[in-house]
There are 4 protein chains.
Amino acid sequence: MPEANSDDAEGTRRKVPDPAAATARPRRRQARGERRIAQILDAAATVFSTAGYTGASTNAIAREAGISPGTLYQFFPNKEAIAVELGDQLLRRWRATYGRALTPAHLELPLEELLEAVLDPLIRFNHENPAFGVLMHGPDVPGKIAMDHADLHSSLLPQVEGILSGYLSEASPAEVSRIARLAFATFKAGLDLTLSVEPDERDAYITELKTLLFRYLQPLVEDCRTRPAS
Amino acid sequence: MPEANSDDAEGTRRKVPDPAAATARPRRRQARGERRIAQILDAAATVFSTAGYTGASTNAIAREAGISPGTLYQFFPNKEAIAVELGDQLLRRWRATYGRALTPAHLELPLEELLEAVLDPLIRFNHENPAFGVLMHGPDVPGKIAMDHADLHSSLLPQVEGILSGYLSEASPAEVSRIARLAFATFKAGLDLTLSVEPDERDAYITELKTLLFRYLQPLVEDCRTRPAS
Amino acid sequence: MPEANSDDAEGTRRKVPDPAAATARPRRRQARGERRIAQILDAAATVFSTAGYTGASTNAIAREAGISPGTLYQFFPNKEAIAVELGDQLLRRWRATYGRALTPAHLELPLEELLEAVLDPLIRFNHENPAFGVLMHGPDVPGKIAMDHADLHSSLLPQVEGILSGYLSEASPAEVSRIARLAFATFKAGLDLTLSVEPDERDAYITELKTLLFRYLQPLVEDCRTRPAS
Amino acid sequence: MPEANSDDAEGTRRKVPDPAAATARPRRRQARGERRIAQILDAAATVFSTAGYTGASTNAIAREAGISPGTLYQFFPNKEAIAVELGDQLLRRWRATYGRALTPAHLELPLEELLEAVLDPLIRFNHENPAFGVLMHGPDVPGKIAMDHADLHSSLLPQVEGILSGYLSEASPAEVSRIARLAFATFKAGLDLTLSVEPDERDAYITELKTLLFRYLQPLVEDCRTRPAS
DNA sequence: GATGAATGAGGATTCATTCAT
DNA sequence: TATGAATGAATCCTCATTCAT
């Protein structure tokens, strides 16, 4: 129940009449259900990005979704489950829209272009989906980054690690992990900055953020290239 | 009433003869009261750093302080006032303990040493006072960094700007501001990382953070030095 | 939501077939809810008339209604809203029960009979609904009669003015207003008196009040009749 | 202690060294105490007339008086006692300033002049001491005019009865009482009206109130005069 | 599945009053 | 006497969650 069994709730939003006639009936139900879920998640995104996770109330989400609290709880067992599912959905959406940027081909690019190719869509996506940013941090407490509501953090970090480990061929896994964490944290901080800043300053901040990350990572990359992995 | 000139109310870290003692006489009726204020602020620090600003309840703070809610409100008119005063106290404590690092002399140091001199105490202080970090961020919503409860952010950022503008003699004020914001945000993010990481990894992360900031700022500094301000 | 079309929610005094029944269908989901609203308003009437507006607590009202505070707030956003709705309900009830006294025909009656026709039902209604009297005054401070919680005062005064302006054809609007205010205030004071007095004295007080008002208004009326409006 | 025996707390603010040397010491104490009491009552008058009896908090009164709550409770055992004492003080003040109007000689005047002589000072006094009006009513609830905090009501009513019984020589005590109550209640209502009305309208309302009372009482008086007390 | 009613503990805050100094 | 600290129940109101229909 907590999972809100959305095993298929995302990519496979089938419109086809579903040839398997036998299974058709049960699915029907789920069709409405998925619409509801989408409704709720949309509302949640709005409310979370407006009030933050802690400040968001399930009643507010239900109201925003135009449904009753009871209905909301028919799809999600509690507030956290909404956050989790919203996080998943955003992740899926991210992959579906901009995520293609990360073709293996990109990993051959020079760092500067890689950053460009990764950061630009990610930033744009965050501006389009402000809830993404909210869910990337845990609620409030800094020392407690990894919250239980399986946040986006834990999903994205491995990706960063993956990319970086390609560039830092020489570094130990621990080093890669550390660098990835720091780079990712830095990116999030910079991202928040761009979100809090006047729109006309935004680009300058984005550029600055790219510069920052580039300067941080470039020497590490070079290091590896110079001294080819033994 | 909540003056709480608690420079010394808690740790009694000062060795100087306390010149304020003379002027403190007038309102010494509050001997008990100031102890209470210190108590409350201590409790608030604990609760804030445990539950975050939004999640902290005044009742919880009172409970933690071992007093009744009514008593708490004899000293602070509301939750925000507690946060403000706690922020101020932490700031005062910071200045009193590690803040001396920022002698004008330091501004002559090469960047690397400057960073060392600034970051080390700041990080240590944050580890000793985890509430500091909580109050450096506003509550929750990223796009809303500047909260009304005069946060530490607004107090510290100017200092960062001040230092950097010494090094970036050539940059325009807008640039300095941007760089300072990004550097500060980055620092906070990295700091949070060090707080969330296993103690034995801490130093590695700190080093990494210093490296990051150094690499970001070094070229800017050099730029200014090479091309002497026209 | 707190429509509480409780014309009939409590006394069910009407004999007419209730034409509203047809239109009421659309939102009949709240069958239980409207009962609750009536319950709450009943409880509020009791508590208000016992403790006064200021002294009445929403928790007390909820307790009196046999529900939890949360439930109360599902129907009313705050204490004032309860008072407003209760005032409205009482007004509706008044109109539905005794309010018919004010046929245009009555305005042709001699003053004495008019008073009889108006005051008797009004007094009886007040004795049956003591909360009415409480809501006719603002809370406490005399110099502040008009409170924001749209009190009955502001609803009834115009009616008094209306009736009187028929009788005082010659007087200026300002005069009519003044006379109406004073007469109404006097009535309320006398009414309170009848409420505070032993039951067996009641009638004597009521008679006295009628006499008072009659003597006050009669000369004004005569004045107008003698000297026909120029 | 509750009585705060301020028998002489108002008119007789003696500065003379008190010739009776023997009794001087104990009095000394009381001198300060009486000043305190006066202070508190002044503050109470302000707060009561601003917030009403129910809305007035003892803390607010203490603050307004510039003393601590503890001190307040050294002179009055509770809020009601303050109201009682304030009522008494106002009564004394009334008697000392305007109360002289009620010479036995006045009782020989024709009703109109009597009203003039009584109402004018009373109204003026009320405008100068708005707390008077607040304490003339009990707190809120109409049916509960006689509150325990021995209000001014119970003190003034007998006086009204006294005066009226002179004019209504024929009426039975019960009748006199009834007429007095109604007249007094009416007066209070009219008074409140003058307090709530724009200053420039005030006089018109006052005149109207006098007219009202005159018209009510005149026939009663005449009745008695015509038919001399058997 | 959907609704809206229901809950009751908990949130911030106030208040009359008492207590230690 | 005066102070201000202390109290704890009570204030209004919110919230995550559950239940009956």
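Heavy-atom basis, side chains included; hydrogens, waters and symmetry copies ignored.
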Asks: Rounded to whole angstroms, how far apart are CD on C/Gln74 and P on E/dT7?
Replies: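 Nearest whole value for this atom pair: 10 Å.
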Asks: Can you name the side chain to side chain donor-acceptor pair (under 3.5 Å) partners of D/Ser57, sequence neighbours left out?
Replies: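 Applying side chain to side chain donor-acceptor pair (under 3.5 Å) to D/Ser57 gives none.
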Asks: What is the distance from atom CD1 of D/Ile37 to atom CD of D/Gln74, rounded to the nearest 0.5 Å?
Replies: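 Taking CD1 in D/Ile37 and CD in D/Gln74, the distance rounds to 11.0 Å.
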Asks: What is the distance, rounded to the nearest whole Å, between atom CD of A/Gln39 and atom P of E/dG1?
Replies: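 In whole Å, E/dG1 P lies 15 Å from A/Gln39 CD.
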Asks: Mind running side-chain contact (heavy atoms from CB on, under 4.5 Å) on C/Leu41 and C/Phe75 for me, showing each step along the way?
Replies: CA-CA 10 Å; C/Leu41 291 180; C/Phe75 297 97; over 6 Å; no
Asks: What heavy-atom pair brings B/Ala51 and B/Ala56 nearest, and what distance separates the two atoms?
Replies: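 So the minimum-distance heavy-atom pair works out to CB-N, 4.1 Å.
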Asks: Please state how far atom CZ in D/Phe76 lies from atom C1' in E/dT18, giving the value in whole angstrom units.
Replies: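 Spelled out: CZ on D/Phe76 to C1' on E/dT18 is 18 Å.
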Asks: Can you tell me how far CG of A/Asp88 sits from CG of A/Leu135, rounded to the nearest 0.5 angstrom?
Replies: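 Taking CG in A/Leu135 and CG in A/Asp88, the distance rounds to 10.0 Å.
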Asks: What is the nucleic acid contact for C/Leu72, judged by heavy atoms within less than 4.0 Å: base, sugar-phosphate only, or nothing?
Replies: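 Nothing: the residue C/Leu72, judged by heavy atoms under 4.0 Å, touches no strand.
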Asks: Whole angstrom is fine here: how far is it from CD1 in B/Ile67 over to C1' in F/dA5?
Replies: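 My rounded result for the distance is 10 Å.
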Asks: Could you list all N or O pairs between the protein and nucleotides 14-17 of chain F that sit under 3.5 Å apart?
Replies:
residue: F/dA16; atom: OP1; partner: A/Ala56; partner atom: O; Å: 3.2
residue: F/dA16; atom: OP1; partner: A/Lys79; partner atom: NZ; Å: 3.3
residue: F/dA16; atom: OP2; partner: A/Thr58; partner atom: N; Å: 2.6
residue: F/dA16; atom: OP2; partner: A/Thr58; partner atom: OG1; Å: 3.3
residue: F/dT17; atom: OP2; partner: A/Tyr73; partner atom: OH; Å: 3.0
residue: F/dT17; atom: OP2; partner: A/Lys79; partner atom: N; Å: 3.2

Asks: For a stem of at least 3 consecutive Watson-Crick or G-U pairs with distances under 3.5 Å, i pairing with j, i+1 with j-1 and so on, which stems involve DNA chain F?
Replies: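 Output for stems: E:2-21 with F:2-21.
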Asks: Whole angstrom is fine here: how far is it from CD1 in B/Ile61 over to C1' in E/dT13?
Replies: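 For the pair B/Ile61 CD1 and E/dT13 C1', the rounded distance is 13 Å.
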Asks: Rounding to a whole Å, what distance do you find between B/Phe75:CZ and F/dT3:P?
Replies: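 After rounding, the reported distance stands at 16 Å.
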Asks: Tell me every residue that passes side chain to side chain donor-acceptor pair (under 3.5 Å) with D/Thr46, counting only those two or more places apart in sequence or in another chain.
Replies: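 For D/Thr46, no residue satisfies side chain to side chain donor-acceptor pair (under 3.5 Å) once neighbours in sequence are set aside.
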Asks: Give a yes/no on whether any side-chain N or O of D/Arg36 is located under 4.0 angstrom from OP1 or OP2 of F/dA2.
Replies: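 Yes.
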Asks: Cation over ring, C/Lys79 on C/Tyr53, under 6.0 Å and within 45°?
Replies: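 Yes, a cation-pi geometry holds between C/Lys79 and C/Tyr53.
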Asks: Rounded off to whole Å, could you give me the CZ-to-C1' distance for the B/Arg35 and F/dA5 pair?
Replies: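 After rounding, the reported distance stands at 11 Å.
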Asks: Which side-chain N or O atoms in residues 64-73 of chain B pair as donor and acceptor under 3.5 Å with protein atoms at least two apart or in another chain?
Replies:
residue: B/Ser68; atom: OG; partner: B/Thr71; partner atom: N; Å: 3.4
residue: B/Ser68; atom: OG; partner: B/Thr71; partner atom: OG1; Å: 3.1
residue: B/Tyr73; atom: OH; partner: B/Thr58; partner atom: OG1; Å: 3.4

Asks: Could you pull out all residues at least two apart from A/Gln39 that satisfy side chain to side chain donor-acceptor pair (under 3.5 Å)?
Replies: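 A/Gln39: no side chain to side chain donor-acceptor pair (under 3.5 Å) contacts found.
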